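I have placed the structure first, in the form of structure tokens, so that the comments after it can refer back to it.
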Amino acid sequence: MWKIIPYAILQSILLTGAQVFLKFALNRMPSFAWTREFWFSMLSNWQFAVCGLLFGSASLLWMYIVKVFPFSSAYPMVSLSYVFGMFAAILFFHEEVSLIKWLGVMFIVLGCMLIAK
């Protein structure tokens, strides 16, 4: 079942990348409102477009994973995106991550390893 790991890692990286670009896009947009200005700012934002491409790619890969691997093994692997999200928070948003959060990340990785075994 270890064959799922590379696919799960790639899918999680794509999901995390999509979330990072979504945050970049939202930071450049005005406050949410049901106005033409807001929707135009979203549709003309290249970072929002990249976000959509990454989400789409992650979804296509997810379809493959769910088709090929047992769902009970595949679904928990999505939690790897939390691990990559933690690194993205540090790298792109300069957030501080507490020791307790790192402990939680280690439990996620351990859980994924146990499920993949």
Side-chain angles (χ1 to χ4, degrees):
M1 191 51 68
W2 285 98
K3 292 179 183 179
I4 195 173
I5 295 293
Y7 295 109
I9 289 172
L10 178 57
Q11 201 259 351
S12 294
I13 289 171
L14 290 169
L15 280 176
T16 303
Q19 294 290 354
V20 167
F21 273 97
L22 178 62
K23 180 138 175 92
F24 284 152
L26 291 171
N27 285 343
R28 295 184 58 200
M29 295 169 57
S31 296
F32 183 83
W34 293 101
T35 63
R36 192 175 310 173
E37 175 193 7
F38 174 81
W39 295 105
F40 181 74
S41 71
M42 179 181 68
L43 296 174
S44 63
N45 187 323
W46 69 269
Q47 292 156 326
F48 190 75
V50 172
C51 164
L53 290 172
L54 291 172
F55 271 129
S57 300
S59 296
L60 290 173
L61 182 53
W62 178 244
M63 286 189 271
Y64 173 80
I65 292 169
V66 170
K67 175 76 174 161
V68 173
F69 298 100
F71 194 73
S72 63
S73 297
Y75 196 73
M77 295 299 162
V78 175
S79 64
L80 288 173
S81 62
Y82 297 130
V83 177
F84 293 112
M86 195 73 73
F87 287 109
I90 294 166
L91 184 65
F92 297 109
F93 305 112
H94 311 290
E95 296 179 13
E96 290 188 28
V97 177
S98 68
L99 184 60
I100 197 77
K101 289 180 183 177
W102 282 117
L103 185 61
V105 164
M106 287 192 298
F107 281 127
I108 290 170
V109 171
L110 178 62
C112 288
M113 289 172 58
L114 291 171
I115 288 168
K117 190 171 183 182

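Computed from a predicted structure; not experimentally measured. Reckoned from all heavy atoms, side chains included, excluding hydrogens, waters and symmetry mates.
In this structure, Ser81 and Ser12 approach most closely via the heavy-atom pair N-OG, 3.3 Å. The two atoms that bring Cys51 and Ala18 nearest to each other are SG-O, 3.4 Å, heavy atoms only. The shortest non-hydrogen separation linking Ala25 to Asn45 is O-ND2, 3.2 Å. The two residues Gln47 and Phe21 have their closest heavy-atom pair at O-CB, 3.6 Å. Of all non-hydrogen atoms in Ala74 and Ile4, the two that sit nearest each other are CA-CD1, 3.6 Å. Nearest approach of Pro76 to Ile115, heavy atoms of both residues: CB-CD1, 3.3 Å.
Cluster annotation: Ile108 and Trp102 are assigned to the same hydrophobic cluster (Ile/Leu/Val/Met/Phe/Trp/Tyr, side-chain heavy-atom contacts under 4.5 Å, transitive). In this structure, Met63 is not a member of the same hydrophobic cluster as Leu54, with clusters built from ILVMFWY side-chain heavy atoms closer than 4.5 Å. Cluster membership check: Val109 shares its hydrophobic cluster with Trp2, using side-chain heavy-atom separations under 4.5 Å among Ile, Leu, Val, Met, Phe, Trp and Tyr. Both Leu80 and Val66 sit in one connected hydrophobic cluster of ILVMFWY residues. Membership requires side-chain heavy atoms under 4.5 Å apart, directly or through other members. A continuous path of Ile, Leu, Val, Met, Phe, Trp and Tyr side chains, each step under 4.5 Å between heavy atoms, connects Ile100 with Met106, placing both in one hydrophobic cluster.
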Query raised in the report: Would Val20 and Lys23 count as a side-chain contact (heavy atoms from CB on, under 4.5 Å) if you check the C-alpha gap in whole Å, the side-chain angles of each, and the deciding distance to 0.1 Å?
Result: CA-CA 5 Å; Val20 167; Lys23 180 138 175 92; 5.9 Å; no
Query raised in the report: What's the verdict on ring-ring contact (aromatic ring centres under 6.0 Å, His included) for Phe93 and Phe24, showing C-alpha distance, side-chain angles and the deciding distance?
Result: CA-CA 9 Å; Phe93 305 112; Phe24 284 152; 5.3 Å; yes
Report task. Please report the C-alpha distance between Trp62 and Tyr75 in whole Å, then the side-chain angles of each, then the deciding distance to 0.1 Å, and finally whether the side-chain contact (heavy atoms from CB on, under 4.5 Å) criterion is met. Result -> CA-CA 9 Å; Trp62 178 244; Tyr75 196 73; 3.8 Å; yes
Query raised in the report: Could you walk me through whether Met77 and Ile5 pass the side-chain contact (heavy atoms from CB on, under 4.5 Å) check?
Result: CA-CA 8 Å; Met77 295 299 162; Ile5 295 293; 4.2 Å; yes
Requested in this report: With side-chain contact (heavy atoms from CB on, under 4.5 Å) as the test, would you mind laying out the steps for Trp39 and Met29 before giving the verdict?
Outcome: CA-CA 9 Å; Trp39 295 105; Met29 295 169 57; over 6 Å; no
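For Phe87 and Phe92, the distance between ring centers is not under 6.0 angstrom.
In this structure, OG on Ser73 lies 11.0 Å from CZ on Phe71, to the nearest 0.5 angstrom. Expressed to the nearest 0.5 Å, how far CE of Met113 lies from CG of Leu110 amounts to 6.5 Å. The distance from atom CZ of Phe48 to atom CG of Leu53, rounded to the nearest 0.5 Å, is 11.0 Å.
More than 12 heavy atoms of other shown residues, nucleotides or ligands fall within 6.0 angstrom of atom CZ in Phe38.
Between Phe32 and Trp34, some side-chain heavy-atom pair lies under the 4.5 Å cut-off. Side-chain contact between Val105 and Tyr82 is absent, with no heavy-atom pair separated by less than 4.5 Å. Under the 4.5 Å side-chain criterion, counting only non-hydrogen atoms from C-beta, Gln19 is not in contact with Phe84. Counting heavy atoms from C-beta on, the side chains of Met86 and Val83 never come closer than 4.5 Å.
For the pairing with Gln11, the side-chain contact (heavy atoms from CB on, under 4.5 Å) check across Ile9, Leu14, Ile13, Leu15 returns one residue only, Leu15.
Ring geometry for Phe69 against Tyr64 counts as perpendicular: the plane angle is over 60°, on a 0 to 90° scale with 30° as the lower cut.
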